[in-house]
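Each chain gets a letter, A, B and so on, in the order the sequences are listed, and its residues count up from 1. On a predicted model such as this, the values are computed, not experimentally measured, just so you know.
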There are 2 protein chains.
Amino acid sequence: MISFEQFKIEDGYPIYTQIIQYIKRGIVAGRIRNQDEVPSRRVLSSLIGVNPNTVQKAYRMLEEENIIESRSGAISYVTVDASKIASIRSQLLEGDLGAVVKAMKQMGISKEEALRLMAKLWD
Amino acid sequence: MISFEQFKIEDGYPIYTQIIQYIKRGIVAGRIRNQDEVPSRRVLSSLIGVNPNTVQKAYRMLEEENIIESRSGAISYVTVDASKIASIRSQLLEGDLGAVVKAMKQMGISKEEALRLMAKLWD
DNA sequence: ACCACCGTATTATTTGTATAATACAGCCAA
DNA sequence: TTGGCTGTATTATACAAATAATACGGTGGT
């Protein structure tokens, strides 16, 4: 069963996208593995304090990306292999890191300064 | 007069926040300076193809942060000094870069790999 | 077989984002 | 001074995100 202990809702982004991100990042990090069980819609919604429909929307979109599988009546579970994990990883990196690189360039920050800032922020 | 030639609407974020970001990043980069004139609500809205109310919302929020000043009937203009520019800069960096550092840590990426990925993405 | 839990579906309501159509008063250059 | 542009305000509509309250049928352990 996937753990959502580290999950915290932040504002600025739709909750369903935060659930999707949390699971994708967990898969990339190896915390979430193939065939792991996913909390039911009702359980997760009451755990993180949102509406079951919000969780359902996140799960449905994950299913459309073939990252989880659901069948009526039964628990849903993760379905990933090595190549899918790699593609999720590059998808997240290009999205997150790419946007920041673009933003810093627009701010007139040099490559060297960007690297120094990131190294400093990392600790 | 501030130029919006480089401005492009992207989806995923509210348009009014994109306008705010564009101006803040321009200020940090030095492209937008103190006392620069801001396009009128109507002019900018027709220039970038959005509703005047959307521009008004962005400008009103910038005014609440004391980044622009408006008076009824007259053109609005930028009001920043060195310390405000510095605070905008760290505000943007902490937000954008900080979020990515957090995300990459959640993905189990090492500091060294993160720096290497950013350097690669920069070019 | 029962029954609690599961996924799924539907309808309604609220809030935020964005558009649309006006309206009014202040500023300022011609 | 006049007329066009300015900021500001109001009302209405549309869509997405999120909540709320149900309802139905499938699954699986006891």
message: Around atom NZ of B:Lys111, are there more than 12 heavy atoms from other residues, nucleotides or ligands closer than 6.0 Å?
response: yes
- request: Give a yes or no on whether A:Asp11 atom CG has more than 12 heavy-atom contacts from other residues, nucleotides or ligands under 6.0 Å away.
  value: no
message: Looking at A:Gln18 and A:Glu10, would you say the former's side chain and the latter's main chain have a donor-acceptor pair under 3.5 Å?
response: yes
- prompt: Got a donor-acceptor contact below 3.5 angstrom from the A:Asn34 side chain to the A:Val80 backbone?
  reply: yes
[X] side chain, from C-beta outward: closest of [options]:
X	options	result
A:Ile75	C:dC6, D:dA17, C:dT17	C:dC6
B:Ile15	C:dT19, C:dT8, D:dT19	C:dT19
B:Ser70	D:dG7, D:dT19, C:dT19	D:dG7

Test: [X] and [Y] ion pair at under 4.0 Å:
X	Y	answer
B:Glu64	B:Lys57	no
B:Glu65	B:Arg60	no
A:Arg31	A:Asp36	no

Roughly how many Å is it from [atom1] in [X] to [atom2] in [N], rounded to a whole number?
X	N	atom1	atom2	answer
A:Tyr13	D:dA16	OH	C1'	18 Å
A:Arg60	C:dC6	CZ	P	20 Å
B:Glu69	D:dT8	CD	C1'	16 Å
B:Asn53	D:dG7	CG	P	13 Å
A:Leu62	C:dT8	CG	P	12 Å
B:Gln56	C:dT22	CD	C1'	15 Å
A:Lys57	C:dT8	NZ	P	16 Å
B:Asn51	D:dT8	CG	C1'	14 Å

query: Within a strict 4.5 Å, meaning less than it, do heavy atoms of the B:Met107 and A:Leu92 side chains meet?
result: yes
statement: Counting primed atoms, P, OP1 and OP2 as sugar-phosphate and everything else as base, the B/S/- map of nucleotides 25-30 of chain C against protein heavy atoms under 4.0 Å is -BSS--
message: If you take any heavy atom closer than 4.0 Å to DNA chain C, which residues from residues 33-46 of chain B end up in contact?
response: B:Arg42
- prompt: Does a nitrogen or oxygen in the side chain of B:Thr54 sit under 4.0 Å from OP1 or OP2 of C:dT17?
  reply: no
task: Answer with base, sugar-phosphate or nothing: what part of the nucleic acid does B:Tyr16 contact at a heavy-atom distance below 4.0 Å?
output: sugar-phosphate
Passing candidate, side chain to side chain donor-acceptor pair (under 3.5 Å) with B:Ser76, options B:Arg41, B:Glu63, B:Glu37: B:Arg41
